[in-house]
Trainee: 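Structure incoming, see below.
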Amino acid sequence: QKEVEQNSGPLSVPEGAIASLNCTYSDRGSQSFFWYRQYSGKSPELIMFIYSNGDKEDGRFTAQLNKASQYVSLLIRDSQPSDSATYLCAVMGSSASKIIFGSGTRLSIRP
Amino acid sequence: DGGITQSPKYLFRKEGQNVTLSCEQNLNHDAMYWYRQDPGQGLRLIYYSQIVNDFQKGDIAEGYSVSREKKESFPLTVTSAQKNPTAFYLCASSTRTSGSPDTQYFGPGTRLTVL
C-alpha cells in the first residue's frame, strides 16, 4: 500500500462546476496535509495546508480533512480552464521530518 | 525578491559524467530538500538538510551527493553511479512559523537529460 494515494485521473470537469480531488494516507499519526498545483513542465505551487479535522476555505478552494478515515480532499468551486493542472497531495507523517507526496491527480476543465 | 532559484534550467549530461545542480534561497529558511520527479509520478526525496553542515539521506539517495556549507545554498551532485538520472529535479526550502506547519516551497526546477 502506498503511503499517500491519489487517483491519477484524468478528472474532467465542466467549466463552472465543482472539482473534487481525493487523497488517502496510511500513517494514522500524520500531522499536516498539503495541496499543491503543478502545471505541465513547472514546479509545484502551494495551494493550501490543513492540520485540523474539518474544512478550511481559501477563495475558491476548500480543503477537507477526516483523520479518522485518513482522508483529505480538495474542492475547487467555479472551476476555470486555468485550474487544469496536476494536483499533488502531500502528507507530513508522524515523524515530522519529511513530507510524502502522492503521485497526483490530473484535472482537466472543459469549456 | 525573495525566493528559491535553481540553475541551470536545462542540463545535458553524457554518460559517466558528474554534474552539479545549484539551489539557492534568500528566504532565510532553515531546511532545504532535493526531490526527483519522473513523468507521471510524484516527488521522491533524495536528500534533505535541516541545518547548516548537516544533511540526511532521503528515499533514493544512491548515486547522489549534497553539501550544506551555507544556509542559503544546497547543491546536488548527480554522480556517474546514478544509473537513470534523466528526470526533473526540484529543490525546496521550508521554515517553521508559529501557527503553521513546516511548509515547503519549491524552486523552478532543473530538467536533466542524459545523452
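Reminder, nothing fancy here: chain letters follow the sequence lines and each chain counts from 1.
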Trainee: Could you pull out the closest heavy-atom pair between A/K98 and B/D59, with the gap in Å?
Mentor: NZ-OD1, 3.0 Å
Trainee: Are A/P44 and B/L90 side-chain neighbours, meaning at least one heavy-atom pair lies under 4.5 Å?
Mentor: yes
Trainee: Are there more than 12 heavy atoms of other residues, nucleotides or ligands under 6.0 Å from atom CZ of A/R106?
Mentor: no
Trainee: In terms of heavy-atom proximity below 4.5 Å to chain B, should A/Q6 be classed as side chain, backbone, both, or neither?
Mentor: neither
Trainee: Between B/I60 and B/L45, is there shared hydrophobic-cluster membership here, with clusters defined by ILVMFWY side-chain heavy atoms closer than 4.5 Å?
Mentor: no
Trainee: Between B/R111 and chain A, which part of the residue has a heavy atom less than 4.5 Å away: side chain, backbone, both or neither?
Mentor: side chain
Trainee: Which atom names give the shortest non-hydrogen contact between A/F34 and B/D102, and what distance separates them?
Mentor: CZ-O, 3.7 Å
Trainee: What is the distance from atom CG of A/L46 to atom CZ of B/F106, rounded to the nearest 0.5 Å?
Mentor: 9.5 Å
Trainee: Verify the cluster assignment for B/V114 and B/V19: are they in a single hydrophobic cluster under the rule of side-chain heavy atoms below 4.5 Å apart?
Mentor: no
Trainee: Quick one: do A/L88 and B/Y89 end up in the same hydrophobic cluster if we chain Ile, Leu, Val, Met, Phe, Trp and Tyr together by side-chain heavy atoms under 4.5 Å apart?
Mentor: no
Trainee: Examine A/V4 and A/L107 and state if one hydrophobic cluster contains both, with Ile, Leu, Val, Met, Phe, Trp and Tyr joined whenever side-chain heavy atoms are less than 4.5 Å apart.
Mentor: yes
Trainee: I want to check something: taking the side chain as every heavy atom from C-beta on, are B/Q37 and A/Q38 in contact at a cut-off of under 4.5 Å?
Mentor: yes
Trainee: Report whether B/V78 and B/V66 are members of the same hydrophobic cluster (ILVMFWY, side-chain heavy atoms less than 4.5 Å apart, transitive linking).
Mentor: yes
Trainee: Would you say A/S43's side chain and B/G109's backbone share a donor-acceptor pair under 3.5 angstrom?
Mentor: no
Trainee: Side-chain contact, heavy-atom cut-off 4.5 Å: A/Y36 with B/Q104?
Mentor: yes
